[in-house]
Amino acid sequence: MSEERSLNFLEEIIEEDLSNGKHGGRILTRFPPEPNGYLHIGHAKSICLNFGIARKYNGKTNLRFDDTNPSTEDVEYVDSIREDIKWLGFEWEKELYSSDYFDKLYDFAMSLIRMGLAYVDDSTAEEIAAAKGSPTEPGRPTPYRSRSIEENIALFEEMKSGKYPDGAKVLRAKIDLASPNMHLRDPLMYRIKHAHHHRTGDKWCIYPMYDFAHGQSDAIEEITHSICTLEFVPHRPLYEWFIEHLNLFPSRQYEFARLNINYTVMSKRKLLQLVNEKYVTGWDDPRMPTISGLRRRGYTPLSIRNFAERIGVAKRENLIDLSLLEFCIREDLNKTAWRRMVVMDPVKLIISNYPEGQIELMEGENNPEVEGGEGSRTIPFSSELWIERDDFMEEPAKKYFRLGPGLMVRLKHAYIIQCERFVKDETGKISEIYCTYIPESRSGSDTSGINVKGTIHWVSAAGAKTAEIRLYDRLFRVEDPSNEEGDFKEYINPDSLSVISSAIIEPDLINAEQGRGYQFIRKGYFTLDVDSSPEKPVFNRTVTLKDAWAREVKKG
RNA sequence: UGCCCGAUAGUAUAAUGGUAGUACGACUGUUUUUGGUGCAGUUUGUCUAGGUUCGAAUCCUGGUCGGGCAACCA
């Protein structure tokens, strides 16, 4: 293992355990999603942590679906979770389900009852909540706390057999109603839920609570390091209480701070609202921070893994700059994306000294970052071209390196041109720009000796194809929507999506492949969307390029 | 006003009693047939008040601030 990067606190714990010979040097972690939604980038952090730590220390990682609440869970989610983890580049040792352990868990509950450490309570949810007291006042026992062991056994069996309706009874651990830790005030172990489970069907009508399932599941699998997020810190004493009293394998729980990124939200509940209330088109909307959304947006597994590595792991609350995620995807795509030319806001450019009707085939390397360019494609050139409207200024600003009356630029992969004149339509909008080209300046065999400051992209008008382009921006207008007054949805960015219905694309882009990143030169990184058809390609903008000129303009 | 967790540049994250460093961002310069990339550089920080110590970001005490905990959710 490389020691270049310093260890995070979890790696320190593990190295210490390893040097103490704990568990015979065996490391087994687990990733335990509840299949009630799609995975998001926060889960990606956890996945990279759990799988990454195991990989680093020659251990393994189980995938365990924490499916103890049938009313919120579904196989649709199981499938998407599996796909997302694989896509991120990780392989699990075993695929398991908390529901695999329902029989064992039931037996565990019975033994606790026999030890006098659990009881059936007939109180309503409200009564139990009221009797729990408050953080500053101790709780009181309900009348059912003193039931005999025999009665509890009989009642719990009846609960299991389906004799009672939902909510009629619960099974609680008998711990300490005065504990300063609310989680220890006789927590619920089982509730009655006559619901169909996506794996166990109708076999059960009682289901264990998280606290009675998670630690024991870890112990059954002999998980050595059970890594979860900070909100479970107060649950840890309970996790240990069950393991201790049931005399199980001593799995240990460790907690880290969950990921937050600015200008988005990161809770399944909120993401579900965005989907259900149609603020986005689905879980995989490219604006969503879900793994499937990021994938569709054009993010690569490597960029997300690198991101997870760079943000680090600690126990303090954090709000990561979106710019770091963007840096990570640019870093990867810069090295892998194929360059293409696309004009999004076109204006006609006519080269008056180039033979009308002539077509010349230019060559453009696919990837200048790689030796050999990963091959090349041909780009037709002719006397009529489309260029970007903002690559021309009637009255050029200072430090403007593009076209303007009398100015010269290079057409990427082609010739240097000089602007002669321009024409406006009746609305005052520039409709045509006339230039002359310098024949000796052809790209690759330039003998003109002329140096120009600017290079612009273009597409030949003859035979030009079009595509729909979807430009995405941050989903929210504020950095931390969850911490603002009122409903977080009030802070949605109304301009998070803008569509260019017919951008002009160079001919080769008709052959664009699904899953590949493209850099539209000077514009950004793009990828083909699933909505594409052969007649109508659709591209998603993954991220813009850094734009020093835009910053210059902004500064005034 | 109980218990628990935390506090280092704008944002993250190191330094584990001995030179406060790294990344992103921002800014400068340089290279460039992408105002991209690359390269070089600049910028900004230990919450606070005490204590221990030759020496404290680090250990101790008080305070302040932020977060979590009283779902038949996970």
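Chain naming here is simple, since letters A, B, ... match the order of the sequence lines and numbering starts at 1 in each.
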Among B:rC73, B:rC3, B:rG6, the nucleotide that comes nearest once only the side chain of A:P180 is considered: B:rC3

Within 45° cone of A:Y207 ring axis and under 6.0 Å: A:K193 NZ or CZ: no

Proximal nucleotide (of B:rC72, B:rU13, B:rC5) relative to the A:A314 side chain: B:rU13

Partners passing side-chain hydrogen bond (donor to acceptor under 3.5 Å, both in side chains) against A:E440 (at least two apart in sequence or in another chain): none

Sugar-phosphate only, base, or nothing, as touched by A:H214 at under 4.0 Å among non-hydrogen atoms: nothing

Nearest-nucleotide pick for A:A548, side chain only, options being B:rC72, B:rG35, B:rU37: B:rG35

Touch class at under 4.0 angstrom, heavy-atom based, for A:G139 against every strand present: nothing

Closest nucleotide among B:rC73, B:rU13, B:rU33 to the A:T455 side chain: B:rU33

Nearest-nucleotide pick for A:L545, side chain only, options being B:rC73, B:rU34, B:rA70: B:rU34

Separation between the C1' atoms of B:rU58 and B:rG38, rounded to whole Å: 39 Å

Closest to side chain of A:T68, choosing from B:rA74, B:rG35, B:rG2: B:rA74

Sugar-phosphate, base or nothing in reach of A:L319, heavy atoms under 4.0 Å: sugar-phosphate

Contacts of A:D100 that satisfy side-chain contact (heavy atoms from CB on, under 4.5 Å) - sequence neighbours left out: A:L96, A:Y97, A:R199

Distance test, side-chain N/O of A:R191 to OP1/OP2 of B:rC73, below 4.0 Å: yes

Polar pair under 3.5 Å, donor/acceptor by atom type, side chain A:R410, base B:rU33: yes

Span that lies between the P atom of B:rU52 and that of B:rC3, in whole angstrom: 28 Å

A:Y190 ring center near A:F156 ring center (under 6.0 Å): yes

Sugar-phosphate, base or nothing in reach of A:H413, heavy atoms under 4.0 Å: base

Side-chain donor/acceptor contact of A:R402 with base of B:rG35 under 3.5 Å: yes

A:K169 side chain to A:E158 backbone, donor-acceptor under 3.5 Å: no

Distance-only donor-acceptor test (3.5 Å): side chain A:E369, base B:rG36: yes

Listing, residues 315-328 of chain A side-chain donor-acceptor contacts under 3.5 Å, not counting sequence neighbours, or none:
unit_1: A:N318; atom_1: ND2; unit_2: A:R258; atom_2: O; d: 3.3
unit_1: A:N318; atom_1: ND2; unit_2: A:R316; atom_2: O; d: 3.3
unit_1: A:D321; atom_1: OD1; unit_2: A:N262; atom_2: ND2; d: 3.0

Sugar-phosphate, base or nothing in reach of A:A125, heavy atoms under 4.0 Å: base

RNA chain B base-pair string [pairs: Watson-Crick or G-U under 3.5 Å; |: paired with another strand]: .((((((..((((....[..)))).(((((.......)))))....(((((..]....))))))))))).....

Pairs: protein N or O with nucleotides 40-42 of chain B N or O, under 3.5 Å:
none

Phosphate-side-chain proximity, A:K193 and B:rC73, N/O vs OP1/OP2 below 4.0 Å: yes

Sequence-distant partners of A:A178, side-chain contact (heavy atoms from CB on, under 4.5 Å), two or more places apart: A:P138, A:D176

Sugar-phosphate only, base, or nothing, as touched by A:Q519 at under 4.0 Å among non-hydrogen atoms: base

Distance between C1' atoms of B:rG63 and B:rG29 (Å, rounded): 47 Å

Partner residues of A:I220 under the side-chain contact (heavy atoms from CB on, under 4.5 Å) criterion, sequence neighbours left out: A:Y101, A:K104, A:F108

A:Y415 ring center within less than 6.0 Å of A:F381 ring center: yes

Partner residues of A:V478 under the side-chain contact (heavy atoms from CB on, under 4.5 Å) criterion, sequence neighbours left out: A:P481, A:E484, A:Y491

Inter-nucleotide P distance (B:rG18, B:rC60), Å rounded: 16 Å

Exam field: side chain A:S179 to backbone A:M182, donor-acceptor pair closer than 3.5 Å: no

Partners meeting side-chain hydrogen bond (donor to acceptor under 3.5 Å, both in side chains) with A:T336 (sequence neighbours left out): none

Pairs involving residues 441-451 of chain A, ordered by first then second residue, that meet salt bridge (charged side-chain N to carboxylate O under 4.0 Å, His left out) (sequence neighbours left out): A:E360-A:R442, A:R410-A:D446

Options B:rU13, B:rC69, B:rA12, nucleotide nearest the side-chain atoms of A:I320: B:rA12

Of the listed nucleotides B:rU13, B:rC5, B:rA74, the one nearest the side chain of A:N318: B:rU13

Rounded distance in Å - CZ (A:F232) to C1' (B:rG6): 18 Å

Strand contacts (RNA chain B) in residues 166-179 of chain A, 4.0 angstrom heavy-atom criterion: A:G167, A:V170

Candidates B:rA74, B:rC69, B:rU13 - which lies nearest the side chain of A:P234: B:rC69

Distance, C1' atom - from B:rC65 to B:rC47, rounded to whole angstrom: 7 Å

Protein-to-nucleotide contact annotation, 5' to 3' order, nucleotides 21-26 of chain B [B base; S sugar-phosphate only; - none; under 4.0 Å, heavy atom]: --SSSS

Under 3.5 Å donor-acceptor pair, A:S443 side-chain atoms to B:rU33 base atoms: yes

Nearest-nucleotide pick for A:E317, side chain only, options being B:rG67, B:rA70, B:rC73: B:rG67

